[in-house]
Amino acid sequence: MQRWNGCFPNILIPMNRPLLGLLALAASLSAAASAQCVAAIQKAGSNLKILRSGDLIGDGSREYVAVRMLTKQPKQGMYVSRLVIARAQHGSCSIVLDAGKNGPQNPVGYVGIEFIDDGGGFYGYSVEFSSHDRDHKDKEDLYLTWLNPDHEPEGMGLAIGWNKKVGRYQEYQEESSPEMFKTELANPRHINSRLCGKCPK
């Protein structure tokens with residue numbers, strides 16, 4: 001009877017080489033995409049700090065959330081003047097959400113706004129993240145509320161989540177069906193509340 005000497009048979013090694021090659025390729029693509037995301041965030045704006053990263057959507061990709069923090073901070077959530085989310089997928093990276101002065105934008109258009117007020121002041125956003133059990137238990141949504149001149153949340157906030165059917169972040173109504181996402185606006189109208197007196201709110 002032949003005794004096992006603690007070594008695996010040589011025949012197993014060639015069988016694992018393709019798998020090891022695929023794993024190495026995946027790791028290489030992931031590292032390249034991560035580097036692209038860091039570069040894309042740096043290019044998007046100054047003083048943006050990556051706050052979190054990981055599979056935030058729940059589909060195996062990797063997202064990077066970067067913000068520019070305000071000096072005043074709340075006890076819950078955070079106050080920011082800018083929020084950017086970069087998504088690494090298939091070896092490349094792109095900005096999938098950019099919330100700044102004029103409102104949140106995805107690659108197609110503006111999310112959760114009906115117009116842009118060229119005369120209004122911008123004081124930042126209150127941001128909260130929440131794991132919302134809609135499609136994946138670990139799927140992360142975010143909630144944005146505009147800040148007023150006193151740097152306090154004011155008005156209705158936006159619930160923003162990943163719409164897997166179109167592959168974009170979009171606004172949705174919390175009370176409605178998880179599939180009821182709102183279409184973004186590619187070219188919202190502009191108003192100037194300093195001049196018009198009674199502009200739509």
Side-chain angles (χ1 to χ4, degrees), residues 33 36-37 40-41 43-45 48 50-53 55-68 77-90 92-136 139-147 153-193 196 199-201:
Q36 289 180 35
C37 283
I41 288 170
K43 186 177 180 181
L48 285 169
I50 295 177
L51 195 68
R52 60 179 68 189
S53 66
D55 183 6
L56 306 181
I57 292 171
D59 64 354
S61 65
R62 190 173 186 88
E63 289 75 42
Y64 296 79
V65 180
V67 299
R68 185 184 300 131
M78 72 184 90
Y79 291 167
V80 306
S81 62
R82 183 91 177 271
L83 179 142
V84 172
I85 301 180
R87 177 172 164 86
Q89 189 178 32
H90 306 310
S92 63
C93 182
S94 59
I95 300 295
V96 291
L97 189 71
D98 187 347
K101 178 181 179 181
N102 290 330
Q105 300 178 59
N106 64 26
V108 174
Y110 288 85
V111 176
I113 66 170
E114 296 179 0
F115 58 87
I116 295 174
D117 185 354
D118 297 319
F122 175 69
Y123 308 99
Y125 299 99
S126 169
V127 180
E128 292 188 38
F129 295 92
S130 174
S131 293
H132 201 282
D133 189 11
R134 298 183 317 134
D135 298 319
H136 303 277
K139 186 173 182 178
E140 188 168 67
D141 297 341
L142 65 144
Y143 301 87
L144 301 180
T145 307
W146 275 266
L147 300 178
E154 184 173 276
M156 297 294 292
L158 299 177
I160 298 176
W162 184 260
N163 184 348
K164 66 179 182 180
K165 289 185 177 180
V166 299
R168 296 192 297 275
Y169 276 105
Q170 291 182 322
E171 180 193 9
Y172 69 92
Q173 292 288 344
E174 292 185 77
E175 305 82 15
S176 63
S177 164
E179 301 301 320
M180 294 298 291
F181 286 92
K182 292 187 174 182
T183 304
E184 53 278 285
L185 289 179
N187 297 295
R189 59 196 177 94
H190 287 249
I191 67 167
N192 192 323
S193 58
C196 68
C199 292
K201 300 298 183 184

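FYI, side chains are in, hydrogens and waters are out, and symmetry mates aren't considered; it's all heavy atoms of this structure.
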Check: Do Arg168 and Glu184 sit within salt-bridge range, that is, some charged N less than 4.0 Å from a carboxylate O?
Finding: yes
Check: For Gln170 and Asn163, what are the C-alpha separation, side-chain angles and deciding distance, and is it a side-chain hydrogen bond (donor to acceptor under 3.5 Å, both in side chains)?
Finding: CA-CA 6 Å; Gln170 291 182 322; Asn163 184 348; 2.8 Å; yes
Check: Hey, are the side chains of Ile95 and Pro107 touching, using non-hydrogen atoms and a 4.5 Å cut-off?
Finding: no
Next item on the list: Without swapping roles, check the side chain of Asp117 against the backbone of Ser193 for a donor-acceptor pair under 3.5 Å.
Entry: yes
Margin query: Once rounded to the nearest 0.5 Å, what's the spacing between atom CD of Glu171 and atom OG1 of Thr183?
Written below: 10.5 Å
Next item on the list: Using a 4.5 Å cut-off on heavy atoms from C-beta on, say whether the side chain of Val84 contacts that of Tyr64.
Entry: no
Next item on the list: Specify the closest pair of heavy atoms between Gly119 and Asn192, including all atoms of both residues, with the distance to one decimal.
Entry: CA-OD1, 3.2 Å
Notebook entry, point to check: Is the shortest heavy-atom distance from the side chain of Ile50 to the side chain of Ile41 under 4.5 Å?
Noted result: yes
Next item on the list: Supply the atom-to-atom distance Ser126 OG to Glu154 CD, rounded to the nearest 0.5 angstrom.
Entry: 12.5 Å
Check: Leu51 and Met78: side chain to side chain contact (heavy atoms under 4.5 Å, CB included), yes or no, with the steps?
Finding: CA-CA 11 Å; Leu51 195 68; Met78 72 184 90; 3.1 Å; yes
Note to self: Please identify which of these residues, Leu142, Val67, Ile57, meets the side-chain contact (heavy atoms from CB on, under 4.5 Å) condition with Ile85.
What the structure shows: Leu142
Check: Any side-chain heavy atom of Asn187 sitting closer than 4.5 Å to one from Tyr110?
Finding: no
Next item on the list: Kindly determine whether Val96 and Trp162 satisfy side chain to side chain contact (heavy atoms under 4.5 Å, CB included), including the steps that lead there.
Entry: CA-CA 10 Å; Val96 291; Trp162 184 260; 4.3 Å; yes
Margin query: Quick check: Tyr172 with Tyr169 (ring centres under 6.0 Å apart)?
Written below: no
Notebook entry, point to check: Quick one: OG1 on Thr145 to CE on Met156, what's the gap to the nearest 0.5 Å?
Noted result: 9.0 Å
Check: Tell me, do Leu97 and Leu83 make a side-chain contact under 4.5 Å, heavy atoms counted?
Finding: yes
Check: Do Trp146 and Tyr125 have their ring centres less than 6.0 Å from each other?
Finding: yes
Note to self: Closer than 4.0 angstrom, basic N to acidic O: yes or no for Arg87 and Asp55?
What the structure shows: no
Next item on the list: Hey, could you give me the CD1/CD distance between Ile113 and Gln105, rounded to the nearest 0.5 Å?
Entry: 7.5 Å
Check: Are Arg62 and Ser53 side-chain neighbours, meaning at least one heavy-atom pair lies under 4.5 Å?
Finding: yes
Item checked: Side-chain donor-acceptor contact under 3.5 Å, Ser61 with Glu63 -> yes
Next item on the list: Compare every heavy atom of Leu158 with every heavy atom of Val111, then report the nearest pair and how far apart it is.
Entry: O-CD1, 3.8 Å
Next item on the list: Could you check if a side-chain atom of Tyr79 sits within less than 4.5 angstrom of a side-chain atom of Pro153, using non-hydrogen atoms only?
Entry: yes
Notebook entry, point to check: Any side-chain heavy-atom pair from Ile160 and Pro104 closer than 4.5 angstrom?
Noted result: yes
Next item on the list: State whether the side chain of Arg82 and the backbone N or O of Ala44 hold a donor-acceptor pair below 3.5 Å, judged by distance alone.
Entry: yes
